[in-house]
Amino acid sequence: MATLRSLSTAPLHSPSAPSAPPSPSSPAPRQRLRAVDRDEVIDVTEFLPPGATWLPAPPHTLPTLPGRPPMVGYLVLIPADHPHPDLAPADAPAEAAAEAAAEAAEPLVRIDPVERTAAVDGRELDLTYLEFELLAHLVAHPNRVHTRDQLVTTVWGYGHVGDGRTVDVHIARLRRKLGAEHRQAIRTVRRVGYKYTPPTGR
């Protein structure tokens, strides 16, 4: 087996600009990649974020480079409740800010999970069981895009036999019950699914 060499994790410096000495107060950069000897055994768990696990990636998902041996890759699985800052999506701060703004504003759509009631602008909605579950799930995750498959799995359950058209029918019913003024709170994301944008008080 050929020796694998990793890319250097040191930052690039211009040849003409002298590198500044590291500040004693600045934390040392965390080393993620390094060269390994042919027979060296590495405990990869020390490189994983807390709570994460790993498994080999399928060969067909790995890129190939001309004239280079086949690559070996691994998938790192991180628990949803332990997000890793280096792997956060680029739009995560914007989404978090949108959710915080939605929570700070006075909501027009109110969900009472204990009484299982929903109201819009003080008007109680007459919802079926699944309509309530669907609306409650959307309202609990404002400004987040949900695919039809995700909604079927979350609201209808893993054992449900059906497709995305079931979601479309229930969304249409919810929009009618929200009324013309607030129906656009549930927005269609073309070719993806739906998202709930909270209407705010006037």
Exercise. Report yes if some heavy atom in the side chain of L108 is under 4.5 Å from a heavy atom in the side chain of H182; otherwise report no.
Key: yes
Quiz prompt | Separation between NZ of K195 and CZ of R144, rounded to the nearest 0.5 Å | solution = 12.5 Å
Quiz item: Hey, is the main chain of L178 close enough, under 3.5 Å, to the side chain of R123 for a donor-acceptor pair?
Solution: yes
Practice problem: Indicate yes or no: at least one non-hydrogen side-chain atom of L174 is less than 4.5 angstrom from one of L127. | Solution: yes
Self-check item: Side-chain touch L134/H137, heavy atoms, less than 4.5 angstrom
Solution: no
Quiz item: Is the shortest distance from a Lys or Arg side-chain nitrogen in K177 or E124 to a carboxylate oxygen in the other one below 4.0 Å?
Solution: no
Exercise. Spell out, yes or no, whether L130 and V120 are grouped together once hydrophobic residues are joined by side-chain heavy atoms under 4.5 Å, including indirect joins.
Key: yes
Practice problem: Enter the distance from D121:CG to R110:CZ here, rounded to the nearest 0.5 Å. | Solution: 10.0 Å
Practice problem: Could you walk me through whether T166 and L151 pass side chain to side chain contact (heavy atoms under 4.5 Å, CB included), step by step? | Solution: CA-CA 10 Å; T166 302; L151 291 173; over 6 Å; no
Quiz item: How far apart are the closest heavy atoms of Y194 and D168, and which atoms are they?
Solution: OH-OD1, 2.6 Å
Quiz item: If you round to the nearest 0.5 Å, how far is OG1 of T154 from CG of D149?
Solution: 10.5 Å
Report all side-chain donor-acceptor pairs from residues 185-193 shorter than 3.5 Å, counting only partners two or more places apart or in another chain.
from : atom 1 : to   : atom 2 : distance (Å)
T188 : OG1    : R175 : NH2    : 2.9

Quiz item: Would you say R116 and Y129 make side-chain contact, with heavy atoms under 4.5 Å?
Solution: yes
Quiz item: Do L135 and E131 come close enough that some side-chain heavy atom pair is under 4.5 Å?
Solution: no
Self-check item: Side-chain touch I111/F132, heavy atoms, less than 4.5 angstrom
Solution: yes
